[in-house]
Amino acid sequence: MRLRLALRAAARSAAKVSQKISAPEIFRRSYSQLHPQSERPSFGIAFDIDGVVLRGRTPIGGSPQALRRLYGDDGTLKIPFLFLTNGGGVTESKRALELSELLGVHISPVQVVQGHSPFKELVNRFEDELIVAVGKGEPATVMSEYGFKKVLSIDEHASYFSDIDPLSPYKQWKTKQMLDSMYNSKEVNPRCNVYSDRVKGVFVVSDPVDWGRDIQVLCDILKTGGLPGKEKGHQPPLYFASDDLEYQAAFPSERLGMGAFRIGLQSIFNAVHDSPLEYTSFGKPNPFVFKNAEAILSNLVYNMYPHQEFAMEGRGHTFTTLYMIGDNPKVDINGALKAGRPWFSILTRTGVFRGKDNDTQFPADLVVDTVEEAIDHILRKECSTSSSAF
Ligand code: G3P
Ligand code: MG
């Protein structure tokens, strides 16, 4: 119930925010020059990243050439698409730059939706409160960019408490001394006093790095109402960017994801605490993510045709088909199924799913080998049903 209410509120404000997104002027101009009225696309595409377009940092499945087909000869976007990943750990602008480099096409930050992107809808609630951001990459920078003012990464937060991780002396990869010199800010950092300011919210932004230390420190924060080492208190809200049990990275078989970490934390917390862990997970397969993606794609089309009348009704451009190309049946295909029309799911065999036929539990509308094959199918289908020159 709590989850549903939070998601409904987030969906309402996401719809509002997405209508405000404005592409840079040059982006807008190039779109509008390219598209006369008759060619307004009736379809859009959402790409999963890990296991569909990348494995680690390596492009897979012919992704660079497949994506290039969505641009005109002059490099301007021809078909509205975005990346819909449960991954993250860096800001959307940094991720857009990285994807542009790896895939060889220009990706705008508005085309990047990460697992933690919906966290920005919670700024009003936590703007001036102390929050802790967990995960690989730059979780605190991500949250600060969203507008949260008092953010500490779990690394920094833990570094203020001597002996909070009794195993840290055995961890050769990062010692407490290194963390101290990294932050070197105990005296000069006036943002908060971690010994008296309670942590009011915990955000798992990306895959946690040091599971043992993080589970220990999170149990401390969550059990004590935000003051490690003190008496028990009311659990502060805990948010996960996604709940992927496994995902496809560079290693040949699947890796444990944020959902696996959540299970670990939950089992341990419930064993050491009298009331069960409360949490909210965002990311696919949450239908909210797909509604939000639809609103963003609609906004992209609006930027391509700024002078045209749109059937507004609060939703902007109406799509006949929105394609979700994913590798994980439980997450990508399940999400598209839950979201319903106009979503059409395409499952690739380059990641978590390796089956010969379709997934039995969450069957996709179409199964293909690679993302290149998926794009080929989409463009052939859309070309034959539309008079426009896609
Ligand atoms: O950590 C990344 C992972 O959980 C999934 O990423 O792109 O497959 O949604 P993606
Ligand atoms: Mg994936």
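Read the numbers this way: they start at 1 and go in the same order the structure lists the ligands and their atoms. Just so you know, these numbers come straight off a predicted model, no measurement behind them.
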message: Could you check whether any heavy atom of Lys284 sits closer than 4.0 Å to an atom of ligand 1, since that is the contact criterion I want to use?
response: yes
message: Does the plane of the ring in Phe81 sit parallel, tilted or perpendicular to the ring in Phe83? Use 30° and 60° as the thresholds.
response: perpendicular
message: Please compare Asp327, Thr85, Asp332 and report which has the shortest non-hydrogen distance to atom 7 (O) of ligand 1.
response: Thr85
task: Note the single closest protein heavy atom to atom 1 (O) of ligand 1, along with its residue, its atom name and the distance in Å.
output: Asp207 OD2, 2.8 Å
- line: The atoms of ligand 1 lying under 4.0 Å from a heavy atom of Ile49, numbered in the order shown, are 7 (O)
message: Between Arg198 and Ser196, is the side chain to side chain donor-acceptor pair (under 3.5 Å) condition met? List the steps.
response: CA-CA 6 Å; Arg198 288 182 184 277; Ser196 58; over 6 Å; no
query: Near the Mg ion (ligand 2), which protein N/O/S atoms fall under 2.8 Å?
result: Asp48 OD2, Asp50 O, Asp327 OD1
- prompt: Hey, does Phe344 have a side-chain heavy atom less than 4.5 Å from the side chain of Leu366?
  reply: yes
query: What about the rings of Phe203 and Phe148, do their centers lie closer together than 6.0 Å?
result: yes
query: What protein heavy atom is closest to atom 2 (C) of ligand 1, reported as residue, atom name and distance in Å?
result: Asp50 OD2, 3.3 Å
message: A side-chain contact here means heavy atoms from C-beta on lying under 4.5 Å apart; do Leu67 and Phe47 qualify?
response: yes
field: Minimum-distance protein heavy atom relative to atom 4 (O) of ligand 1
entry: Asp244 OD2, 2.9 Å
- line: Closest to atom 10 (P) of ligand 1 among protein heavy atoms sits Asp48 OD1, 3.0 Å
Inter-residue atom distance Phe261.CZ - Ser242.OG, 0.5 Å rounding: 12.0 Å
message: Looking at Glu294 and Trp343, would you say the former's side chain and the latter's main chain have a donor-acceptor pair under 3.5 Å?
response: no
task: Check step by step if side-chain contact (heavy atoms from CB on, under 4.5 Å) holds for Ile164 and Ser159.
output: CA-CA 8 Å; Ile164 197 167; Ser159 75; over 6 Å; no
query: Judging by distance only, is a nitrogen or oxygen of Leu84 under 3.5 angstrom from one on ligand 1?
result: no
- prompt: In terms of side-chain geometry, is the basic nitrogen of Asp359 or Lys330 positioned less than 4.0 Å from the acidic oxygen of its partner?
  reply: no
Axial cation check for Tyr323 ring with Lys381, 6.0 Å and 45° limits: no
